[in-house]
Amino acid sequence: MSQERTNVATFKGNPLTLIGPELKVGDTAPEFHLHKNLLEEATLQDYSDKIKLISVVPSLDTGVCDAQTRRFNQEASALGEDVVVLTVSADLPFAQARWCGAAGVDRVITLSDYKDNAFGKAYGVLIKEFALDMRAVFVIDKDNKIQYVEVLKEMTEHPDYDKPVAAVKALIG
C-alpha cells in the first residue's frame, strides 16, 4: 500500500491527501512510465543524457496550469540542448496535444499520467481525492539525482518559476 500524507496540501483551503513518498533534494529520482500518446510511453531513462525540469500540473485546461506550462515553455528556449522540460498531468494524451497546438507550446514535452497514476504515486504528488497530480516542480540532473523540489501547499497557486530555472542553470554550469 502506498504511503498517504495528510496536512501537506490544500485545494481552496480544503485539505488534500497526497499518495506516495515525500521526495527531497539528493534523492534518486524514481523511474516513471508516462504516455506520450496512447501507444508510446516515455521513461526517465529516455532522458538520461539530459537535465530534466519536470513541471507537474493537475490539468492543462485550468488557468494556473495553462500559465505554468506556457511559462516553462518560454524558459525552455533559453536553457539549451542539455535540458528537457517535461510537463506531467493526468490529462489524456490527445487532450495534451490539442492544448499544446492551441497554446503554441512547442518546447515542452507533455506526458500523461492518466492510466494508473504511477508517476503521481512514485513522486508523492497523487491527490487521493481527485486522482490528479498535485502542482509541483522537480529538477533532476543527468545522474537522476533530484536537485530541486517544490510541491505546492495550495493547488491553485503558482510555483516559484525562478528557483527551478536557477537550479537548471547551475547544473549547466
Side-chain angles (χ1 to χ4, degrees), residues 1-36 38 40-48 50-62 64-65 67-69 72 84-93 95-96 108-168 170-171:
M1 182 169 149
S2 295
Q3 175 185 359
E4 292 189 5
R5 296 179 292 123
T6 57
N7 299 317
V8 293
T10 59
F11 174 64
K12 297 184 178 177
N14 297 306
L16 297 173
T17 305
L18 297 185
I19 298 175
E22 180 182 359
L23 298 180
K24 295 180 172 37
V25 170
D27 288 348
T28 299
E31 180 57 78
F32 59 72
H33 294 267
L34 291 163
H35 298 272
K36 285 185 174 181
L38 291 180
E40 187 180 2
E41 283 192 345
T43 68
L44 181 65
Q45 290 308 310
D46 291 343
Y47 307 104
S48 61
K50 304 269 187 197
I51 297 163
K52 294 149 288 282
L53 189 157
I54 303 176
S55 171
V56 184
V57 299
S59 174
L60 291 169
D61 285 319
T62 64
V64 177
C65 300
Q68 180 174 333
T69 305
F72 284 125
V84 63
V85 179
L86 308 173
T87 291
V88 175
S89 76
D91 296 305
L92 293 173
Q96 290 178 331
V108 166
I109 297 168
T110 54
L111 299 172
S112 177
D113 196 23
Y114 84 96
K115 206 166 204 174
D116 56 13
N117 300 113
F119 177 91
K121 292 172 190 169
Y123 281 72
V125 296
L126 178 62
I127 303 168
K128 181 179 180 178
E129 292 81 0
F130 301 140
L132 297 172
D133 292 334
M134 185 66 184
R135 186 176 318 286
V137 182
F138 298 91
V139 174
I140 302 168
D141 67 19
K142 291 182 181 182
D143 297 320
N144 291 332
K145 293 288 184 200
I146 297 173
Q147 300 298 323
Y148 177 86
V149 176
E150 180 185 12
V151 177
L152 277 284
K153 302 281 185 225
E154 169 56 47
M155 186 174 164
T156 60
E157 292 180 356
H158 287 267
D160 185 317
Y161 295 106
D162 296 331
K163 286 182 182 175
V165 171
V168 167
L171 291 170

Report task. Tell me, with the steps shown, if Phe11 and Leu132 meet side chain to side chain contact (heavy atoms under 4.5 Å, CB included). Result -> CA-CA 12 Å; Phe11 174 64; Leu132 297 172; over 6 Å; no
Report task. Indicate yes or no: at least one non-hydrogen side-chain atom of Tyr123 is less than 4.5 angstrom from one of Asp133. Result -> no
Report task. Report the relative orientation of the aromatic rings in Tyr114 and His35; use parallel for angles under 30°, tilted for 30 to 60°, perpendicular for over 60°. Result -> tilted
Query raised in the report: Do Thr17 and Glu129 come within less than 4.5 Å of each other through their side chains, counting heavy atoms only?
Result: yes
Report task. Work out which heavy atom in Lys153 is nearest to a heavy atom in Val8; give both atom names and the distance. Result -> CD-O, 3.6 Å
Query raised in the report: Do Phe72 and Val165 have side-chain heavy atoms sitting under 4.5 Å apart?
Result: yes
Query - Check: Pro159 and Leu152 side chains under 4.5 Å, non-hydrogen atoms - result: yes
Report task. Could you pull out the closest heavy-atom pair between Asp113 and Gly120, with the gap in Å? Result -> OD2-N, 2.9 Å
Query raised in the report: Without hydrogens or angle criteria, can the side chains of Asp141 and Gln147 be said to hold a donor-acceptor pair below 3.5 Å?
Result: yes
Query raised in the report: Do Leu171 and Lys142 come within less than 4.5 Å of each other through their side chains, counting heavy atoms only?
Result: no
**Report entry** Considering all heavy atoms, the nearest Gln96-Ser89 contact
**Finding:** NE2-OG, 2.9 Å
Query raised in the report: Is Lys36 close to Leu111 at the side-chain level, that is, under 4.5 Å between some pair of heavy atoms?
Result: yes
Query raised in the report: If you count the non-hydrogen atoms of other residues, nucleotides and ligands that lie under 6.0 Å from CG in Asp116, is the total more than 12?
Result: yes
Query raised in the report: Is any side-chain heavy atom of Cys65 closer than 4.5 Å to a side-chain heavy atom of Thr87?
Result: no
Query raised in the report: Hey, are Lys163 and Glu150 close enough for a salt bridge, meaning a charged N less than 4.0 Å from a carboxylate O?
Result: no
Report task. Give a yes or no on whether Lys128 atom NZ has more than 12 heavy-atom contacts from other residues, nucleotides or ligands under 6.0 Å away. Result -> no
Query raised in the report: Considering only heavy atoms from C-beta outward, does the side chain of Pro58 approach that of Arg135 to under 4.5 Å?
Result: yes
